[in-house]
Structure formats: structure tokens, C-alpha cells
Amino acid sequence: MKKRPDEQVSDTTSLRDKIVGLSESSGRKSYYPMLQQKIRELQNEISERWRAENTLRQTLARISRQQAVMAEISTDPNVFHGRLRDAAPMITVKMSHALEVSRTGLWIRQGERFICLDKFDARYDAHSSGQILRLEEFPTYHAAIVREVVAADNVYTDPRTMAFASSYLAPHGIESMLDVPVQIEGELAGIISFEHTASPRAWQPDEITFAGRVADQVALIMENKRRRMAEERLREAHAELTRNFRFTEVLLDAIPIPLFYKDSNLRYLGCNRAFTEVMGVSREEIQGKTTRDLWPDLSPTYEDNDRYLLRGAPRSTYEAKVRDKDGSLREVIFAKQVFFDERNRTDGIIGSFVDITERIRSEKESQRLRTLLSNIINSMPSMLIGVDADGRIAQWNQQAASVTGIDEDEARGKPLGQIVPWLEPEMRRIRQSIADKKPFFEGKLRRIVDGETLFEDVTIYPLISNGVEGAVIRIDDVTDKVRIEDVLVQSEKMLSVGGLAAGMAHEINNPLASIMGNAQVLETRLTQPLPQNAAAAREAGITMEALRTYLELRGIPKMLLSIRSSGAQAAQIVSNMLSFSRKSDAALVPEDITAILDKTLELASTDYNLKKNYDFKKIQIVREYEPGLPMVLGSASKLQQVFLNLFRNGAEAMGEKGYPEGQGPLFTLRARSNPPWVRIELEDNGPGLEEPVRKRIFEPFFTTKPVDKGTGLGLSVSYFIVTEDHSGVMSVQTAVGEWTRFVIDLPAAPRRK
Ligand SMILES: Nc1ncnc2c1ncn2[C@@H]1O[C@H](COP(=O)(O)OP(=O)(O)O)[C@@H](O)[C@H]1O
Ligand SMILES: [Mg+2]
């Protein structure tokens, strides 16, 4: 075993001791051999001391070389600037130089692998790099190097390095290895390696120390670089953050919707430009404030919602009010949402709002207009039906509902022809009108409802507003109007015909009176035994008896009778005709109209003429008299005449009709108040009136009956009695095959107090 040089230096005293010992122990007998022995010992000692000094000198030289190398490494510009990769070839060369080894290397860790930055082989003055070392493949070495320096004087016997033997050490002729860990913050970040070839080598402490310092230096470079990179990253992150922040600010300002954001204590962090402009507060003014500071009266609603969000709701929308920069309250919809910090904790609230004041106002206005419009439409007495281009119902007013008995919900969407079947024949023209965008009018469309004829005007207004195709159809019930027109036309006609007939009657009256008078005289003079007649006969040379015989033989008295009765008939007609124009003198007094009706009915049932044709008793009578009816102003006898005519006609007409089993003739008498009239209706369920008959029914001499049965004067006389004598109205309604109804309005008498 070698002795360390310093131990040998401290041995100087023992040498002196040895010399003193020599003097003390010098005996006569063995002095010289002892001396020789001593000298040999001394010589040995001297040479050993020389060797020690030499070793010391070598060590010192090594150390100073190491120091020089260390200085060179640390002042290299690449090292100074932390460029380890660039510095690596220099470092390995210096390492080789400093420890006089043939192979050196510098490895750094990347993930789980170690990559060789530079490997230097002094024997060939060659560099290489890029080799990869996976430590997990060499567990013993791995376990050692993470903790300590691996100084293997003999790599083939050292358990830490044995594993490398066949694959690495032998091929390169490596005998000794000195591997030092590069550690940063206790982590293995790299390895520097010294490999001695050709002969084993004992690593000296100073060499191990030097290797450690190189490793430290490498660690320093790496750490610097890491720090600089971290700083760089930080700077970049900061710049990125600033960029993001600026972008966000501009983005927020570019949004025309007011936006604001608050921290989790509900203090404003900021807002965008739209918010500033609408609310009249600057970003600085609101920062750090709460809604309670800014808008105390409105704050509770805001706070409630903010709390709701902070309790965990991800977002909320609600309607509320804000006070704008002019101090006026606006209706808005808020939309709020929480935002989170980097650890996903609620960090605050971001919110926006949209002004809906105008929308609400216009909604209210349009609602009001809609209501108004539908009120107007519904209050119209016309049926109003909106249809789309396909003729499907889109609008349906109340009148339409009440006429058809189908309500709006049921009608909507259905084809018009299905819901309003009587328009079906018009559908082609309706579609045409929609297509041509031309209004269409069809007046007095006739339809029968429960046997009664209704008249309707149908008008179609195509919708020509842009985009909307369809039409509004208006249907007006003009039945009453048509009836009034009828009555008017009737009365015009009757007036002229009546005037004509009355004029004629006057003209006929005088000659008829003369015919009648002379016929009377003729009869008297020819048949009566008067003295003047006898005297005239004597004078003529005949007797009255002979004359009577002659007259009898020639049938003269019968002729005279016939002249008289025909004259009487003509007179009756004439008298009827006269009544057409002349207002009767009969005084109008309050009469109980139902009493007159009943009395006339009684009369009719005993009427001989009627009985001839028909048994009035077989007719069923239904009375519908309104109680408490006012009196009418009238002449009882004249009205009786009117009703008798009507009963007669009705009975005759019903007599012509064949009734189905279980049915028979029926008169319905109605009387009701119809201020200022009292309305009387006489309805029979006879054959009804064909249109040509209905039109002419009141005309004088209009009859459908054979000459001996009817004169066609009954209704005309009645008409004039009602209209002229009573200033009333008379008209007829009918359903062919079903019924005929005469309607008479007579003025009601003023009620007695
Ligand atoms: N109730 C009735 N039903 C059917 N037809 C009627 C009715 N009343 C009147 N008429 C028709 O009106 C015509 C005119 O009647 P009217 O003036 O009384 O004359 P007349 O009875 O002499 O024919 C009748 O011929 C008949 O055709
Ligand atoms: Mg008649």
C-alpha cells in the first residue's frame, strides 16, 4: 500500500529517533553492519522522501493545471452566455487535458434519456455526439450516479460499471472510469465522464474534486439557461397577456351592447363603451363600486340575481329596469353569467343588457291595435271572412260565427266552401278575384234558410299588401233591404195601377148607373100592373096580359134579371175599384187587433162561399199573440174585410195542396208589437207563391183562378185598405211549396194614460 506524502513528511522525527537510537544502541561488536543497515535505511528513507516530494510536486502541478483548465472553462464566452451545446466540445477537450484521460464526455438529461452533447477521444482528437444512454437499463450504475461520484479504478470489477463491460468498455479499451453527476436542485440533470484507457488508474482526490467542479460548472450553465428560458417565457406570457387584455378591451368596446363585469364581491371591475354611453358613467367611476353605491333604488333586483348566480347558477336572464344617463328608466333584459379563475372558482359576474323599452311599447301598441281591429271587425254587422290564396279561412268575425253557428277556432284553416257552403258556387270567382287582385261584388245572392229566402250581398276585396295573398270576403244580409225595396216598388206600382183603375171606375160608373136605372124602369114598365102601363097598352090596342104572354114567350123577364144582376156585379167591381184611390171616410179608432182577427176567423168559418169550396173547420189554427199588445188605429169593418180576404185565399190555396200523412192545413196568426207599428202576420202552410205570382199578387185583377172563381181584386182591395185607409204597410213572404205569409203593419194607437 502506498503511503500518502504528508504522512511521510510527518515522519521526520522518527528518522531522528532512529539516528539517536543508533548512538544509544551502538555496541562494539556489531557496529558496522548496523551502520550499513542504518545507511540503507536512510537511503531508503531519502529516496522515499524524494519520491514523496516528487508526488507532491506532481500533485501540485496537476492541481495548478486543473485550476488553469477550470479558469479556461469558466471564462469561455459560450460558457459565459450559457450556450452549453456550443461549449461542450471545448469542455470535453479541457477535461481530457486536465486529468490526462483519453476519453471524456458530457451528457445531459432529456426526459428519461441522457443525450451526449459531446464525446472527445484524445487518441484520435475526435469529437462525437448524439449518443443516447438509458439509465434504467443499468440499475446499479443508475442507483449510484444519482447520489454520488462513480470513481471506478477498475471498471471490470467495480459492480457499478461492470454492466457496461461487453457493450461499451471493452470495445473502447476502457480500464478506469470517473463519472460525476451534474445535479440541479437535487435532480440528476447530466453526467460528465472521464474514461481512462490502456491501463487501470487510481483516481486521486484532487481529480475527483476537479471533476466535481466541472460538473458544478455545467450545472451552473444549465441552470442559468433554464432561468433565462423561464424568464423569457414569463416575459412572453406577460406580453401575450397584455395583448389579450388589449384585444379583449377593444372587443368589448366594439360590441354595441352594454357589458359590465364585477368581482365576486359584486364590485364593478369594468364595463365597455356601450355601457358608459348608455348609463352615463365612466369605467373609472364604477370601478370598485357596487350597484348599491350607484343605483340604490334599483339595486335589490340586481343583487338578488347576482347572488343567485354566485350560489351556483351558471347564467341568468331576467327583465328589469335601468336608469340611463338622462335619468329615465328603461326596460331591459339582463343576461348574466359567472366567470371563473384559473382554479375554476367563481371569480365574478359578467353581464349585459338589451333595451326592450321600445319593443314593449310597440308590442303594447300593436296589441292595442289588434284588439281595436278585432273589436271593429267583430262589431261589424257583416260577416267578414279572411281567406288565404287557397281559399282557406284565416279570419272569422263574430257575425260570421253567429250566422253559421261555427266558431272561429273551428272555422280557421278550413276551406271556405266547406264552412260557408252557399258560397261554394262562387268559389271559382273568388279565386279569380284573388288571382286578378280585382274586387268582386255580387248583389242579392239568394239563399233559402229554413224555407225562408235570404238575400246577401257578397263583396270580395283581394289583399294586395306585399307578400300576403288572399282576400277579405264580406257578406251582408240585405234581406230586409230587399223586402223594403220590394214594398216600395209594390206601392209605386199599386199607386199607379190603383189610380188607373179608380179613374176607369168613375168613367164606368155613370153609364153603368144609366144601364141599371133603365133596366129597372124597363122591368117596371113591362111587367108591373101600373095604371100608366095599362093606359099605354090600351092606347096601343093590346092588353097587359097579352104583353106579359109575349114577354114570357120571348124570355124577356129573364134577360132583364140578367141585366140587373150583371149590372150589380159590375157595380160591385166598380165600387171596389173606386176604393183604390179614395181615402175612406171611415173614422180610425183604437181597435183590439187580435179581437178583430178572432171575430173574422169565426165569420170565415160560417162563410157560405168559403164552405162551398172548403170546410174551414178542418183548418188548424195557431195563435201567437204577444201579450199586452197596444191597440191599433183602424176601422174594424175594413180590417175584417182584409182578413177575410186573406183567410179566403189561404183556405183556397191550402185546399189545392196535397199534404203528407200526419199533416194538414194550418193557419198561424201572429200579432206583436213593432213600434211604431203593430205587426200582424197571417201564415198558411199552403203551396206558397211562385216568383211571378209573388211579384204581381197585389195587382188588381191579377188572379190565377178561373173566371167564375176569382176576380183578382181581393188582395188589391186589402192592400189599399191597409196602405191607403190605414197608412200601414202590407207585404208577402213565401217559401215555395211550404208557406205563404202576409205581413201587415198597422199604426199603434197612442197608449192611454
Ligand atoms: N194564400 C195564398 N196562397 C197561394 N196563392 C195565393 C194566396 N193568396 C192569394 N194567392 C194568389 O193570388 C191571386 C190573387 O188573389 P186575390 O187578389 O185574392 O184574387 P183571387 O183570389 O180572386 O184570385 C190568387 O189568384 C192566387 O193565385
Ligand atoms: Mg181572393
Side-chain angles (χ1 to χ4, degrees), residues 451-453 486-487 489-491 493-495 497-498 500-502 505 569-570 572-580 597 600-601 603-605 607-616 618-622 638-659 663-670 680-725 730-744:
E452 209 162 337
T453 308
D486 255 15
V487 169
V489 169
Q490 182 99 302
S491 69
K493 187 171 74 182
M494 294 301 282
L495 225 56
V497 175
L500 198 69
Q569 213 177 328
Q572 178 61 42
I573 290 172
V574 166
S575 115
N576 272 333
M577 283 165 75
L578 282 172
S579 75
F580 291 171
L597 268 172
T600 314
L601 206 57
L603 220 78
S605 62
D607 181 356
Y608 171 75
N609 281 332
L610 210 54
K611 252 188 202 157
K612 264 198 307 194
N613 300 319
Y614 202 81
D615 187 357
F616 204 85
K618 278 192 185 155
I619 301 174
Q620 201 191 330
I621 311 289
V622 172
K638 295 252 176 193
L639 290 174
Q640 227 171 60
Q641 195 186 339
V642 170
F643 296 146
L644 199 60
N645 274 329
L646 297 181
F647 285 135
R648 234 177 236 157
N649 282 341
E652 277 168 8
M654 289 190 286
E656 298 293 311
K657 182 174 169 179
Y659 289 91
Q663 286 185 27
L666 167 75
F667 264 127
T668 308
L669 316 183
R670 298 191 189 90
I680 300 104
E681 290 180 6
L682 257 101
E683 186 179 309
D684 64 63
N685 63 350
L689 306 175
E690 299 286 349
E691 184 59 13
V693 177
R694 189 192 67 82
K695 274 186 165 164
R696 304 188 56 197
I697 198 164
F698 292 113
E699 280 178 27
F701 304 109
F702 174 80
T703 179
T704 60
K705 295 168 190 168
V707 184
D708 55 332
K709 284 245 176 85
T711 55
L713 284 174
L715 285 179
S716 47
V717 169
S718 303
Y719 181 87
F720 284 109
I721 290 175
V722 171
T723 56
E724 293 296 312
D725 294 341
M730 182 169 183
S731 63
V732 67
Q733 297 165 5
T734 183
V736 177
E738 304 276 334
W739 48 260
T740 308
R741 179 194 302 148
F742 289 89
V743 182
I744 297 168

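FYI, the numbering just counts along the sequence from 1. First listed ligand is number 1; within each ligand, the first listed atom is number 1.
- Residue Phe702 approaches ligand 1 through these ligand atoms, each under 4.0 Å from one of its heavy atoms: 13 (C), 14 (C), 19 (O).
- For atom 1 (N) of ligand 1, the nearest non-hydrogen atom of the protein is Asp684 OD2, 2.9 Å.
- Using a distance-only test at 3.5 Å, with no hydrogens or angles considered, no donor-acceptor pair links the side chain of Thr600 to the main chain of Phe643.
- Ranking the protein heavy atoms by distance from atom 17 (O) of ligand 1 puts Leu715 N, 2.9 Å first.
- Of all heavy-atom pairs spanning Gly650 and Asp684, the tightest one is CA-OD2, 3.7 Å.
- How far CD of Glu683 is from OG1 of Thr740: 8.5 Å, rounded to the nearest 0.5 Å.
- Distances from ligand 1 to the non-hydrogen atoms of Asn645 include no value under 4.0 Å.
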Before giving the answer on side chain to side chain contact (heavy atoms under 4.5 Å, CB included), spell out for Phe742 and Ile697 the whole-Å C-alpha distance, their side-chain angles and the decisive distance to 0.1 Å. CA-CA 11 Å; Phe742 289 89; Ile697 198 164; 4.0 Å; yes
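- For ligand 1 and Thr711, the ligand atoms under 4.0 Å from any heavy atom of the residue are 22 (O).
- Among protein heavy atoms, atom 23 (O) of ligand 1 sits closest to Thr703 OG1, 2.5 Å.
- Counting protein heavy atoms only, atom 11 (C) of ligand 1 is closest to Ile697 CD1, 4.0 Å.
- Scored by the ring pair (Phe, Tyr, Trp, His ring centres under 6.0 Å) test, Phe698 finds Tyr719 as partners (sequence neighbours excluded).
- Listed by number with element, the atoms of ligand 1 under 4.0 angstrom from any heavy atom of Gly710 are 22 (O).
- The protein heavy-atom contact nearest to atom 25 (O) of ligand 1 is Thr704 N, 2.9 Å.
- A salt bridge links Lys705 to Glu652: one of the charged nitrogens lies within less than 4.0 Å of a carboxylate oxygen.
- Using a non-hydrogen distance threshold of 4.0 Å, Gly686 does not register as a contact of ligand 1.
- Looking at Lys657, its side chain does come within 3.5 Å of a backbone N or O of Gly737 through a donor-acceptor pair.
- Across the listed options Gly650, Ala653, Gly712, Gly712 owns the non-hydrogen atom lying nearest to atom 19 (O) of ligand 1.
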Please evaluate residues Val693 and Thr734 with respect to the criterion side chain to side chain contact (heavy atoms under 4.5 Å, CB included), reporting the C-alpha separation (whole Å), side-chain torsions for both, the decisive distance (0.1 Å), and the verdict. CA-CA 11 Å; Val693 177; Thr734 183; over 6 Å; no
Given Val622 and Phe667, is the side chain to side chain contact (heavy atoms under 4.5 Å, CB included) satisfied, shown in steps? CA-CA 6 Å; Val622 172; Phe667 264 127; over 6 Å; no
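- Leu715 has its side chain within reach of Leu646: a pair of non-hydrogen atoms, C-beta onward, lies under 4.5 Å apart.
- For the Mg ion (ligand 2), the count of nearby protein N/O/S atoms, taking only those under 2.8 Å, is 1.
- The shortest distance between side-chain heavy atoms of Lys695 and Phe702 does not fall below 4.5 Å.
- The shortest heavy-atom contact between Arg741 and Gln733 is NH1-OE1, 2.6 Å.
- Given atom 8 (N) of ligand 1, the protein heavy atom at minimum distance is Asn649 CB, 3.1 Å.
- For atom 5 (N) of ligand 1, the closest heavy atom belonging to the protein is Leu689 CD2, 3.4 Å.
- Contacts between Leu646 and ligand 1, counted as non-hydrogen atom pairs separated by less than 4.0 Å, are absent for every part of the residue.
- Of all protein heavy atoms, the one closest to atom 21 (O) of ligand 1 is Lys705 NZ, 2.6 Å.
- When each of Asn685, Leu666, Thr668 is tested with Gln620 by the rule side-chain contact (heavy atoms from CB on, under 4.5 Å), just one qualifies, namely Leu666.
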